Amino acid sequence: MFDLYGFGHLLFEGTLVTIELSLAALVCGLVLGLAGAAMKLSGLWPLRLLAGIYTAVIRGVPELVVILFIYYGGVILLNKFAHSLGYVGYINVNAFTAGVTALSLTFGAYATEVFRGAIAAVPANQIEAARAIGMRPRTIFRRILLPQVWRFALPGLGNIFLIIIKETALVSVIGLDELMRKADLAVGYTKKPFTFFLFAACIYLSMTAVAMLFQRGLERRANRGVAGRPMA
Amino acid sequence: MIREILTAAALALVCAQGAQAENIRIATEGAYPPFNLVDSSGKLKGFDVDIAKALCAEMKAHCTIVAQAWDGIIPGLKAGKYDAIIASMSITPARKKAVDFTAPYYVAGAALVGPAKSDITFTPAGLKGKTIGVQRATTYAALLKEKFPGAKIKLYDTVDNQNLDLKAGRLDGVVAQQVVMYEWLKKDGGKAFAFKGKPFLDPKYIGDGAGIAVNKGNTKLRDQFDAALKTIMANGTYAKINASYFPFSIAPK
Amino acid sequence: MNISVMIGALPDLLGGVALTTELVALALLVGFVIALSTALARLSGVAVLRWLATAYVFTFRGTPLLVQIFLIYYGLSQFAFVRDSVAWVVLKQPFWCTLMALALNTGAYTAEVFRGGILSVPHNQIEAARAIGMSPVTAFRRIIWPLAIRQALPAYGNEMILMVKASSLASTVTLMDITGVAQTLAADTYMPIEIFTAAALVYLCLTYAMTQAIHFFERRLDVTRRRS
């Protein structure tokens, strides 16, 4: 169907980088999202303020600008900070690190809201009941809160992950050799933009399709034993 | 998570230490054929890359060459992502404020290329009202802005994309480096496009040729490059590389 | 951080605001029409329409906007027959190509939002409307749509804000929107931190203003809170 002019394996390598990038952003973003939600629900106002600023900034600024800022500016800020702590060497921020950082920050900001909603959706009387029968806070978190939060949060998290897969393409702008940039290189060589961008589009489409199927499977698992439609 | 942070910190330390050894990191663009480009196996090659390798061999240094988007190539150097830029960068007064340059390793003028049939000329009057493509953050962009203010300038991230649009008919012409356009006309432009007017050579606008950029104050590395450059020009290595790309000499006089 | 560089960049960046606003407004307008037709097609009884609409939504929601812009801008110009056709008058301009990509993209997302809103309208309301003799068109215009849009407004508002952010990709096809101006300034001044921070602030103001406007409309449409 596609004549790739010998660039097939290059595009395959790019696809692998795109997958790595998405998964790394997923893991770091989940951690950031949980931390953000915990901060937003905490009793300390400085924490709430900090989390509020974080989500407001990320949700209001284009990802492309965040990526450009982290790649070009982040390295300068990071080294200034490290040197002020007395470090003499040089810390590099490569395109992959910058990309994962930017995408994780995005994922984290949106996940913060999803987790916050999911935690709030767990009925308070369940937690009271758990406490009444003498469960410790850690046990409550693990056995009452987490399974339900997971269930409520899954649809939202799945949507964010789909967004992140697509946003990995933006990291090509700072020269990370992911799928989009490889396609761009192939275009520079062969002058066949339609062929290569269409091919890239097909790969992205299959990736999001697989992610959607996976999400559906996870949701079905998380909803075992729950009557009717998922609530969140 | 803690383990991940520790691993990342350890990796950062390793990278930082690697930089302290006698290892020179060189950036090039990778989208400026035939001077620097990425081939279908993903490797960097081209005139700039060959010169970089010859210089490193001469300096007996271990070099790693990385591709970096043109827009950010000077910020990247200043931020310490690499030690030198060998990417057909023209030596201009504006850039000299930000980085230090070696002596030029080649010279080429600015040329206007347009559709063969068009009567566009490389003069302020000839470019008036014409849509001209040029690469962002280049001497050619600065030249257009200052010397040809009547032109409608469209800025591109790479010369490849600029030429795609020229071929697609979105532009009345492009202003770019003469040799790059010579190669494009030979390979891709065919008979439909041609050089228009005489190449522009005024060093006031296009600089004193392409040089190797290092960070301000890094005179040690600059002197090493300058010495190696002199040697490869004297011992015939440069001429050999030149001949493998172009039937004419681009060596600075 | 050099504050004077940031302030010096502001006039240029504000010049980019005009283009960004124009792109977003037009994309939302065209996207709205596409979205409403697609949502109705997805809910229609005609299988072909349903199938076409589903395929469109799946493709445009499943691929990156950057790929869509590049396909339309650089991709289509690969073919001589496109360059020789009448459509080239439009496709020649990066503005129209970007607008097309943005509108098709937001159309696909918004279609899902509208579909959800329409599905949320209680069935008995529709039955009641039909029972008192309203035609399907009148029932849609006077009963279904007002209820659906109220339900969909929060999600639609989010999509509008995402459009402001998405418009930054116009910079990748030579347009001088806020991001395009910022990239050029950053490359010219070698001061990326200052320039991109200034650009981020401009975007924040834009998205903040938009959020406020959406809240205003949400309150106005919320009849339960309206004082009378």
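Below, read A as the first sequence line, B as the second, and so on, with proteins coming before strands; counting in each chain starts at 1. Everything numeric in this text was worked out from a predicted model, so none of it was measured. Hydrogens, waters and symmetry mates are skipped; everything else that's a heavy atom, side chains included, is used.
Residues of residues 91-122 of chain C that come closer than 4.5 Å to chain A, counting heavy atoms only, are C:Tyr109, ordered by residue number. Contacts from residues 7-16 of chain C to chain A, taken as heavy-atom pairs separated by less than 4.5 Å, involve no residues at all.
Annotation: side chain of C:Leu169 is in contact with side chain of A:Leu170 (closest heavy-atom distance under 4.5 Å). C:Thr207 has its side chain out of reach of A:Arg59: every pair of non-hydrogen atoms, C-beta onward, lies at least 4.5 Å apart.
A:Val66 does not touch chain C: none of its heavy atoms, backbone or side chain, sits under 4.5 Å away. Contacts of A:Ala211 with chain C are absent, with no heavy-atom separation under 4.5 Å from either backbone or side chain. In this structure, the portions of A:Leu68 lying under 4.5 Å from any heavy atom of chain C include both its backbone and its side chain. Residue C:Thr59 touches chain A through both its backbone and its side chain, counting heavy-atom pairs closer than 4.5 Å. Residue C:Leu65: no heavy atom, backbone or side chain, is found under 4.5 Å from chain A. For A:Thr168, no part lies under 4.5 angstrom from a heavy atom of chain C. Only the side chain of C:Ile161 comes within less than 4.5 Å of a heavy atom of chain A; its backbone N, CA, C and O stay farther away. Contacts between A:Met212 and chain C at a heavy-atom distance below 4.5 Å involve the side chain alone, from C-beta outward. Interface residue A:Ile58: only backbone heavy atoms are found under 4.5 Å from chain C.
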message = As a quick check of understanding, evaluate side chain to side chain contact (heavy atoms under 4.5 Å, CB included) for C:Gln68 and A:Phe197, giving each step before the final call.
response = CA-CA 8 Å; C:Gln68 292 162 15; A:Phe197 292 139; over 6 Å; no
query = Is there a side chain to side chain contact (heavy atoms under 4.5 Å, CB included) between C:Val67 and A:Tyr204 once you walk through the steps?
reply = CA-CA 9 Å; C:Val67 179; A:Tyr204 282 111; 3.8 Å; yes
Side chain to side chain contact (heavy atoms under 4.5 Å, CB included) between C:Gln183 and A:Val173, worked out = CA-CA 11 Å; C:Gln183 271 181 297; A:Val173 174; 4.2 Å; yes
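Interatomic distance, CD1 of A:Ile67 versus OG of C:Ser168, reported as 9.0 Å (0.5 Å rounding).
Here the shortest heavy-atom pairing between A:Phe69 and C:Ile193 reads CE1-O, 3.7 Å. Minimum heavy-atom separation, C:Ser171 to A:Leu64: OG-CD2, 3.7 Å. Residues C:Leu71 and A:Ala201 come closest through the heavy atom pair CD1-CB, 4.4 Å. A:Pro62 and C:Lys165 get closest at one heavy-atom pair: CB-O, 3.5 Å. Shortest non-hydrogen contact noted between C:Pro64 and A:Lys166 is CB-O, 3.3 Å. Taking each heavy atom of A:Val65 and C:Tyr203 in turn, the nearest pair found is CG2-CE1, 3.9 Å.
The local environment of CZ in A:Arg48 is crowded, with over 12 non-hydrogen atoms from other residues, nucleotides or ligands closer than 6.0 Å. The number of heavy atoms from other shown groups lying within 6.0 Å of CZ (A:Arg220) does not exceed 12.
Contact tally against chain C (heavy-atom pairs below 4.5 Å) for A:Gly60, A:Ala183, A:Ala56: the top residue is A:Gly60. Between chain A and the options C:Ile178, C:Ile72, C:Ile195, C:Thr197, heavy-atom pairs under 4.5 Å are most frequent for C:Thr197.
Ring geometry for C:Phe79 versus A:Phe194: interplanar angle over 60°, hence perpendicular rather than tilted (30 to 60°).
C:Thr63 pairs in a side chain to side chain contact (heavy atoms under 4.5 Å, CB included) with only one of the listed residues (A:Leu205, A:Leu198, A:Ile203, A:Thr208), which is A:Leu205.
Of the possible donor and acceptor atoms, none in the side chain of A:Lys192 sits under 3.5 Å from a partner among the backbone N and O of C:Gln78.
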